[in-house]
Student: 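Input: one structure, supplied below.
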Amino acid sequence: MNQTSTLSQIDHWVFDLDNTLYPASCNLFSQIDWRMTGFISETLKLPPEEARALQKAMFRKYGYTLRGLMLEHGVPPTDFLDYVHDIDYAPVPACSRLKAALEALPGEKLIFTNGTVRHAERVLERLGLDGFAGIFDIVAADYTPKPDPAPYDRFVKRHAVDPRRAAMVEDIARNLVPAAALGMTTVWVTGSPDWAKDGSEGDHIHHATDDLAGWLETLTAKAPDTPGGS
C-alpha cells in the first residue's frame, strides 16, 4: 500500500507516546528506569542492587515491571506509576514541525501508551502538541501492557476504531504485531534502543521511518484532499 492510498483510507491515526512523538535521544526512559529501582527499593525494603535485579526479573517475566510487582508483591499500581513518572521533562523539546504535520493529517488522532494519561499530558505540553481525541493509557488497559492483544481489543472498542481504516505508529517493533493482526496499517519509528528492534522482521511492519515529522510531511504533501478529516 503506497503512502497516498494509506492516507486516503485512514480514519484514525494511533500514536504511541514515548520515543515515538519525541526522539529516543531525550532518554526519558532512563529516568523512569531508575525511578522504578528506587520505588522497589523503598517499597520492598531491598538494597538498590537487589531492587534492580528484581525489577529486571519482573520485566523479563511479565514484559512490564509493574505487572509483576502487582501480581507477585501486591504493589498498588497508582503508587508505582505516580512515583516513576515524577521526572524532569525538560529534555523534551517543542516540535513545531511535528505539530504542523499532525494538524495537516486527515483523520482523528489518538494516543495509545503503556504510560499514564498524566505522563502523556506532560510530554504533549513540552512538545506543544494538542488536537488528540483521546489518550488510552495503562490504566484504561487494566494494567495489561502492549503487546498483549487484550488492550488493543479494548482500545478499538472504547474509541470506536475500525482497524482496517486505522494506522498505528510505534517505536517498539513487536508492539505492531497485534495491530497488524487486527488489520491496521503500521508505521515503525526506528532509532530506539536495540531491544525495541526485537520483532522488526516480518510483514507486520508496513512502513518505517527515522523521522516521523518528515514522513508525515511527505505523506500529506503527496495525498489528495480527503473529506471528513479533522
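Start at 1 with the first residue, then count along the sequence.
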Student: Using modelled atom types and a 3.5 Å cut-off, is there a donor and acceptor pairing between side-chain atoms of Lys197 and backbone atoms of Ala173?
Tutor: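 No, because the side chain of Lys197 does not come within donor-acceptor range (under 3.5 Å) of the backbone of Ala173.
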
Student: Just how far is it from atom CZ of Arg60 to atom OG1 of Thr65, taken to the nearest 0.5 Å?
Tutor: 10.0 Å

Student: On the 0 to 90° scale, with breaks at 30° and 60°, tag the His119-His85 ring pair as parallel, tilted or perpendicular.
Tutor: parallel

Student: Keeping Arg165 on the side-chain end and Ile10 on the backbone end, is there a donor-acceptor pair under 3.5 Å?
Tutor: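 Flag not set: sc Arg165 to bb Ile10 has no pair under 3.5 Å.
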
Student: Does a side-chain N-to-carboxylate-O contact under 4.0 Å join Asp153 and Arg158?
Tutor: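 Not counted as a salt bridge, because no side-chain N and carboxylate O are separated by less than 4.0 Å.
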
Student: How long is the span from the CZ atom in Arg154 to the CG atom in Asp148, to the nearest 0.5 Å?
Tutor: 10.5 Å

Student: Report yes or no: does Trp215 contribute a side-chain atom to a donor-acceptor pair with the main-chain N or O of His207 at less than 3.5 Å?
Tutor: no

Student: Without swapping roles, check the side chain of His12 against the backbone of Glu108 for a donor-acceptor pair under 3.5 Å.
Tutor: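 Not a single qualifying donor-acceptor pair exists.
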
Student: What are the two closest non-hydrogen atoms of Ile135 and Leu124, and how far apart are they?
Tutor: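 Minimum heavy-atom contact is CD1-CD1, 4.3 Å.
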
Student: Can you list the steps and then say if Asp79 with Tyr83 is a side-chain hydrogen bond (donor to acceptor under 3.5 Å, both in side chains)?
Tutor: CA-CA 6 Å; Asp79 292 353; Tyr83 187 99; over 6 Å; no

Student: Any chance you could measure Leu127, atom CG, to Tyr89, atom OH, to the nearest 0.5 Å?
Tutor: 11.5 Å

Student: Check the hydrophobic clustering (I, L, V, M, F, W, Y; side-chain heavy atoms under 4.5 Å; chains of links allowed) and say if Ile87 and Trp34 are grouped together.
Tutor: no

Student: When rounded to the nearest 0.5 angstrom, what distance separates CG in Leu216 from OG1 in Thr209?
Tutor: 8.0 Å

Student: Working to the nearest 0.5 Å, report the span between CG of Leu28 and CG of Asn19.
Tutor: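 Spacing of CG (Leu28) from CG (Asn19) equals 7.5 Å.
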
Student: Run the side-chain contact (heavy atoms from CB on, under 4.5 Å) check on Thr20 and Val169 step by step: do they pass?
Tutor: CA-CA 7 Å; Thr20 298; Val169 183; 3.9 Å; yes

Student: Mark yes or no for whether Gln55, through its side chain, and Thr37, through its backbone, hold a donor-acceptor pair below 3.5 Å.
Tutor: yes

Student: I'd like to know if Arg52 and Asp33 make a salt bridge, using a cut-off of under 4.0 Å between side-chain N and carboxylate O.
Tutor: yes

Student: Quick one: closest heavy-atom pair of Arg97 and Gly214, and the distance?
Tutor: NH2-CA, 3.2 Å

Student: Given 3.5 Å as the limit, does a donor-acceptor pair link the side chain of Thr144 with the main chain of Pro151, or not?
Tutor: no

Student: Which hydrophobic side chains are connected to Val156, either touching it within the sub-4.5 Å cutoff or through other members that do?
Tutor: Val14, Leu110, Phe112, Phe136, Tyr152, Phe155, Val161, Met168, Leu176, Leu182, Met184, Trp188, Ile205

Student: Please check if Tyr143 and Leu69 belong to a single hydrophobic cluster, counting links between Ile, Leu, Val, Met, Phe, Trp and Tyr side chain heavy atoms closer than 4.5 Å.
Tutor: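 The answer is yes; both residues are in one hydrophobic cluster.
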
Student: So does Arg118 pair up with Asp137, basic N to acidic O under 4.0 Å?
Tutor: no

Student: Should the pair Arg122-Glu125 be classified as a salt bridge under the 4.0 Å nitrogen-to-oxygen rule?
Tutor: no

Student: Could you walk me through whether Leu129 and Leu102 pass the side-chain contact (heavy atoms from CB on, under 4.5 Å) test, one step at a time?
Tutor: CA-CA 9 Å; Leu129 300 182; Leu102 288 170; 3.9 Å; yes

Student: So, does Lys61 use its side chain to make a donor-acceptor pair with the main chain of Phe59 at under 3.5 Å?
Tutor: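 Not confirmed, Lys61 side chain does not pair with Phe59 backbone.
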
Student: Using only atom types and a distance under 3.5 Å, with no angle test, would you say the side chain of Arg126 pairs donor to acceptor with the backbone of Pro93?
Tutor: no

Student: Nearest heavy-atom pair of Tyr22 and Val92: which atoms, and what distance?
Tutor: CB-CG1, 4.1 Å

Student: Using atom types as modelled and distance alone, determine if a side-chain donor or acceptor of Ser41 lies under 3.5 Å from a backbone N or O of Leu46.
Tutor: yes

Student: Pro145 and Arg67: which non-hydrogen atoms are nearest, and at how many Å?
Tutor: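 The answer is CD-CD, 4.0 Å.
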
Student: Can you tell if the side chain of Val117 reaches within under 4.5 Å of the side chain of Ile111, non-hydrogen atoms only?
Tutor: no

Student: Report, as yes or no, whether the 6.0 Å neighbourhood of atom CG on Asp203 holds more than 12 heavy atoms from other residues, nucleotides or ligands.
Tutor: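 Count not over threshold, so no.
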
Student: What's the verdict on side-chain contact (heavy atoms from CB on, under 4.5 Å) for Tyr64 and Met58, showing C-alpha distance, side-chain angles and the deciding distance?
Tutor: CA-CA 7 Å; Tyr64 194 65; Met58 293 294 95; over 6 Å; no

Student: Mind checking the CZ-CG spacing from Phe39 to Asp82? Nearest 0.5 Å is all I need.
Tutor: 9.5 Å

Student: Identify the two heavy atoms, one from Thr185 and one from His206, that lie closest to each other, and give their separation to 0.1 Å.
Tutor: CA-ND1, 3.4 Å

Student: Report yes or no: does Asn114 contribute a side-chain atom to a donor-acceptor pair with the main-chain N or O of Lys146 at less than 3.5 Å?
Tutor: yes

Student: Within a radius of less than 6.0 Å around CD of Glu49, do more than 12 heavy atoms belonging to other residues, nucleotides or ligands occur?
Tutor: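 Enclosed.
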
Student: Considering all heavy atoms of both residues, which atom of Pro91 and which atom of Cys26 are nearest to each other, and what is their separation?
Tutor: O-SG, 3.3 Å

